[in-house]
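One structure is given below, encoded as structure tokens.
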Amino acid sequence: MNVVARHRRLDAIWASQKGFRGWFSTVNHSDLGRMFLVTSFFFFIVGGILAMLIRAQLASPHAAFAGPEIYNQIFTMHGTIMMFLFAIPAFEGLAIYLLPKILGTRDLAFPRLTAYGYWCYVFGGSMLLVAMLLGLAPDSGWFMYTPLSNAIYASGINTDFWLIGITFVEISAIAAAAEICVSILKFRAPGMTLAKMPIFAWYALVTALMILTGFPPLILGSILLEVERAFGFPFFQVDLGGDSLLWQHLFWLFGHPEVYIIFLPAAGIVSTVLPVMCRTTLIGYGWIVAAIVALAFLSFGLWVHHMFTTGIPHMALAFFSAASTLVAVPTAVQIFAWIGTMWKGRPELHMPMLHIMGFFATFVIGGLTGVMVAMVPFNWQVHDTAFITAHLHYVLFGGFVFPVFAGIYYWLPHVTGRKRFFRLGEFAFWLIFAGFHVTFFAMHWVGLLGQRRRIDSYTPEDGWTLINLISSVGSFVLSIGIAMVLLDVILHVWSQRRIRRNPWQAGTLDWATLTPAPSYNFASLPHVTSRDPLADDPDLPVSLAQGKGYLGTPRHHWRETLMVDVATGRPEAHVIYPANTRLPIVMSAVTGIFFLGLLLKTYWMVPIGIVGVAALALHWVWVTGRKDDPGAQDVGQGVTLPHTSATDRAPGWWGSLFLLVANATLFGCLLFGFGFLWTVAPGWPPAVRFVPSFIELGVGVAGALGTALALRLALAAVRNARATLPALGIALTGALVFGACCAIMLWRMPPPVDHAYAATLFVLGSYGLFHAGLMVLMTGHLIARVTQGYISPVRRSEFAVVSLWADYLAISGSLVLLVGHLSGLTL
């Protein structure tokens, strides 16, 4: 097969449906990555317009541009959009588009999950935009502090839009994070060990793990606050055993790692682009990887520095102040590595490099003010002033937007295959740089003079007029610069000047594809022996196009790729992806019915949404099955591999593992909340408590443990070609027994509206009941698969997946029952 025929055949297999309708059925990572990026920048423009409205209001004292009610909606939506609808989705879009290319594979681990996450993001974000257009946007700040956001002080639907819309959007983040983790660990070019991975993959991996452990606290907090608002469960009401500080803990458990979740991908862009612009290799690869991991760990120990003024003990103040200062160390490691790389190389001041220079100047100032804020006495002085707003923007804009613009100018030729025509970008950069520093330096200044951060007006006697006017002028200069960048990108896309392959002479695999990249990325998959395979072998693109790598011959209309060993990169299994389908968009729309029912308080829609999602999820996994045993496949290079369904660690198992990490974090936060309220909130323990029953406890725990044990027996049975239905029947019975014990616990507990104790126990019991229902569905699915002939000793991977969930049920379910029953004991 010649090169042209191979290209046509592969493109027919991998390409999305042509035209507008293809957007709704594509599962191709390049298309979805571009869709993510375009959508995120649409939200960036909306958030930027809101920022200009804020500065217009604050440009002069006693301004009547927007009243307090509208102003509160504007600044709440500005923060919400920039944090949730721009920064994280922009990272997801870049990772989804780029990772398979730099890892030398053809797609991410779960193409349909990518599409499902995208549509959840679009529908959830649209929900918030509609709220804004209707004048019903959230108005309690993007941090939604209680009691300002509870039903007493925010009785309208505005806050519900935030809680439900953001939770809907976060499905997208969790899905993308699990997929990125599995893709990086298991879907790489053969021979690519962990030490040979491109540095951006390390940044993306750590960021994805942080999303999986950083977002669940906010999801839990949103659920609890919405339940309190809708049903009166008093999690945050002090007079009924709740505590508003619980919200702050849950929010900042998410909120501070969020800063690093935004910064790390941008730093990954810098670490990737900078060596290319300097014509050298990155100094300190190992140190940078260690610094990324250290930064991730430390970021989870800093959330309390947002709460220094809430009256926490002095020992805690000292610990979290020290931890906040310590985070400068791994950040400095990266900065010194970048400086060393520039010193070693020959920097060339192309557009990406210009934005990296802007990043250095801005982010370092943001880091220094961050160290200042970490000092408790200084923090107390500037808390809730414009100084904090300025510091936040120096870190986030400097640490994210400048590197993202560098990445845009670096990879734009890869996406379009064209050259820039006009030179607007250089002029735009200086407008952005100057406008940003004028705006936010002035905000530092006015913050030190005492201007609070969320005010909508001030008086001439305050002495802030001139500084605010300067800040507002700077913000409009900044906005003009950003608009010029967007115009430059649009003109670039329309330009007809073709560019040669690998215009930057980079060494990573993303530039070994055609530009723009074809739907299948590589005509055949490379074998990697170094960190810069393209620099080592400039003829690599030609040999891959000629089919001299793995999977060089298209077969049976299959979307094929390889799964590798995590550490060594040794080929491990043959993967066949599903084709284009509208199932993801349909499923996300049905998920939207669930959230819409909660938002509009039309609760009859909620069970429709739940049943619909469950039915579609079962269909999702059912259609991937087959009734014949897939034989081992020749994948080229003299290697023959089994199909993934013939392994115990299929992609579904890995995906479940990372989803359970997020799930366990949420459960851990729920237990933390229960313990926090018990030890800190007034009125604990309550007068009326749950009456424990050791019979119910023993039966429930036995049911949960029995389910896990039975599924392990079933896995052994299918592996040894023995009957599995008896063990599956026991597992199903165990799950039903455990679910019944959770239901009895819910039925017997005190009314959850009376005290936070009963409310928290109710959520714990519901968590256990939900997982029991999930296990019943999964086990029932396995029974149906066995009876329909979809299971054999070779096709057994689904048993390992369900067994993993059963193990989780055994642990979490036992803890639910233990906490519930033991908390009722009177010692």
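In this structure, Arg785 forms a cation-pi arrangement with Trp622, its terminal cationic atom sitting closer than 6.0 Å to the ring centre and no more than 45° off the ring axis.
Between the CG atom in Leu10 and the OG atom in Ser519 there is a gap of 7.5 Å [rounded to 0.5 Å]. With rounding to the nearest 0.5 angstrom, the CZ atom of Arg795 is 14.0 Å from the OG1 atom of Thr647. Taking OG1 of Thr341 as the start and CZ of Phe336 as the end, the distance is 13.0 Å to the nearest 0.5 Å. How far OG1 of Thr213 is from CZ of Phe297: 9.0 Å, rounded to the nearest 0.5 Å. A distance of 8.5 Å separates CE of Met563 from CH2 of Trp654, quoted to the nearest 0.5 Å. Note that CG of Leu205 is 11.0 Å distant from CG of Leu264, once rounded to the nearest 0.5 Å.
Inter-residue side-chain proximity for Phe215 and Ile261 is flagged as met; some heavy-atom pair is nearer than 4.5 Å. Annotation: side chain of Tyr260 is not in contact with side chain of Val206 (no heavy-atom distance under 4.5 Å). Val794 has its side chain within reach of Pro630: a pair of non-hydrogen atoms, C-beta onward, lies under 4.5 Å apart. For the pair Leu782/Leu711, a side-chain contact is recorded, criterion being any heavy-atom separation below 4.5 Å from C-beta on. Side-chain atoms of Asp629 and His643, non-hydrogen and from C-beta on, never get closer than 4.5 Å to each other. In this structure, the side chains of Asp107 and Pro111 come closer than 4.5 Å at one or more pairs of heavy atoms. Residues Ile13 and Tyr520 are not in side-chain contact: their nearest non-hydrogen atoms beyond the backbone lie 4.5 Å or more apart. Looking at Arg582 and Met587, their side chains never come closer than 4.5 Å, going by heavy atoms from C-beta outward.
Using a distance-only test at 3.5 Å, with no hydrogens or angles considered, no donor-acceptor pair links the side chain of Arg112 to the main chain of Leu583. Between the Ser524 side chain and the Gly549 main chain, a donor and an acceptor come within less than 3.5 Å of each other. Formation of a donor-acceptor pair under 3.5 Å by the Arg796 side chain with backbone atoms of Ser792 is not found in this model. At least one donor-acceptor pair under 3.5 Å links the side chain of Gln637 to the backbone N or O of Lys548. At distances below 3.5 Å, at least one donor-acceptor pair connects side-chain atoms of Asn502 with backbone N or O atoms of Ala506. Using modelled atom types, one side-chain atom of Thr207 and one backbone atom of Tyr203 make a donor-acceptor pair closer than 3.5 Å. Not one N or O on the side chain of Arg6 forms a donor-acceptor pair closer than 3.5 Å with the backbone of Thr553. With hydrogens and angles ignored, the 3.5 Å screen pairs a side-chain donor or acceptor of Ser656 with a backbone N or O of Gly652.
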Carefully, step by step, assess Ile174 and Leu659 under the rule side-chain contact (heavy atoms from CB on, under 4.5 Å). CA-CA 8 Å; Ile174 296 293; Leu659 286 178; 3.9 Å; yes
Side chain to side chain donor-acceptor pair (under 3.5 Å) assessment of Tyr808 paired with His771: CA-CA 9 Å; Tyr808 181 77; His771 282 77; 5.0 Å; no
Begin from the C-alpha positions of Trp511 and Tyr410 and carry the test ring-ring contact (aromatic ring centres under 6.0 Å, His included) through to its verdict. CA-CA 11 Å; Trp511 295 101; Tyr410 179 73; 5.6 Å; yes
Using side-chain contact (heavy atoms from CB on, under 4.5 Å), reason through Leu212 and Thr665 one step at a time and then give a plain yes or no. CA-CA 8 Å; Leu212 290 175; Thr665 307; over 6 Å; no
Evaluate Arg719 against Asp648 for salt bridge (charged side-chain N to carboxylate O under 4.0 Å, His left out), listing each step before the verdict. CA-CA 10 Å; Arg719 194 181 290 139; Asp648 289 339; 2.8 Å; yes
Derivation and outcome, side-chain contact (heavy atoms from CB on, under 4.5 Å), residues Asn663 and Trp805: CA-CA 11 Å; Asn663 194 349; Trp805 283 87; 4.0 Å; yes
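In the displayed structure, Lys196 atom NZ is contacted under 6.0 Å by more than 12 heavy atoms of other residues, nucleotides or ligands. The environment of CZ in Arg712 is sparse: at most 12 heavy-atom neighbours from other residues, nucleotides or ligands sit within 6.0 Å. For CZ of Arg8, the number of neighbouring non-hydrogen atoms (other residues, nucleotides, ligands) closer than 6.0 Å is 12 at most.
Residues Ala294 and Pro330 come closest through the heavy atom pair CB-CB, 4.2 Å. Contact between Thr513 and Pro518 at its shortest, heavy atoms only, is CB-CD, 4.4 Å. When all heavy atoms of Pro190 and Pro526 are compared, the closest pair comes out as CD-O, 3.3 Å. Taking both residues in full, the closest heavy atoms of Ser588 and Trp119 are given as OG-CB, 3.0 Å, listed atom of the first, atom of the second, then distance. Contact detail for Leu728 and Thr779: the closest heavy-atom pair is O-CG2, 3.5 Å. The two residues Thr568 and Thr193 make their nearest non-hydrogen contact at O-CG2, 3.3 Å.
Among residues two or more places apart in sequence or in another chain, the side chain to side chain contact (heavy atoms under 4.5 Å, CB included) test is passed with Glu560 by Arg106, Leu551, Arg555, Trp558, His574. Evaluation of the salt bridge (Lys or Arg N to Asp or Glu O under 4.0 Å) rule for Glu179 yields no partner, not counting sequence neighbours.
Side-chain atoms of Tyr550 and His527 include a donor-acceptor pair closer than 3.5 Å. Side-chain contact of Trp338 with Ser271: a donor-acceptor pair under 3.5 Å is present, judged by distance alone. In this structure, a donor-acceptor pair under 3.5 Å is present between the side chains of Asp510 and Thr508. With 3.5 Å as the limit, one finds a donor-acceptor pair spanning the side chains of His29 and Asn521. Side chains of Tyr97 and His414: a donor on one and an acceptor on the other come within 3.5 Å. Of the N and O atoms on the side chains of Ser25 and Asn580, not one donor lies less than 3.5 Å from an acceptor on the other residue. For the residue pair Thr105/Thr561, the side-chain donor-acceptor check at 3.5 Å is satisfied. With 3.5 Å as the limit, one finds no donor-acceptor pair spanning the side chains of Asn28 and Ser16. A donor atom on one side chain and an acceptor atom on the other are found under 3.5 Å apart for Ser172 and Glu92. Judged purely by distance below 3.5 Å, without hydrogens or angles, the side chains of Ser30 and Lys101 pair a donor atom with an acceptor atom.
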Listed pairs under 3.5 Å, donor-acceptor, residues 278-288 side chains, sequence neighbours left out:
residue : atom : partner : partner atom : Å
Arg279  : NE   : Glu348  : OE2          : 3.4
Arg279  : NH1  : Val276  : O            : 2.9
Arg279  : NH1  : Trp504  : O            : 2.7
Arg279  : NH2  : Glu348  : OE1          : 3.2
Thr280  : OG1  : Lys344  : NZ           : 3.4
Thr281  : OG1  : Lys344  : NZ           : 2.7
Tyr285  : OH   : Met197  : O            : 2.6
Tyr285  : OH   : Trp202  : NE1          : 2.9

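Remark: aromatic rings of Phe263 and Phe400 are distant, center separation not under 6.0 Å.
Look at Lys186 and Glu572 and you find a salt bridge, because one of the NZ, NE, NH1 or NH2 atoms lies within 4.0 Å of a carboxylate O, short of that distance.
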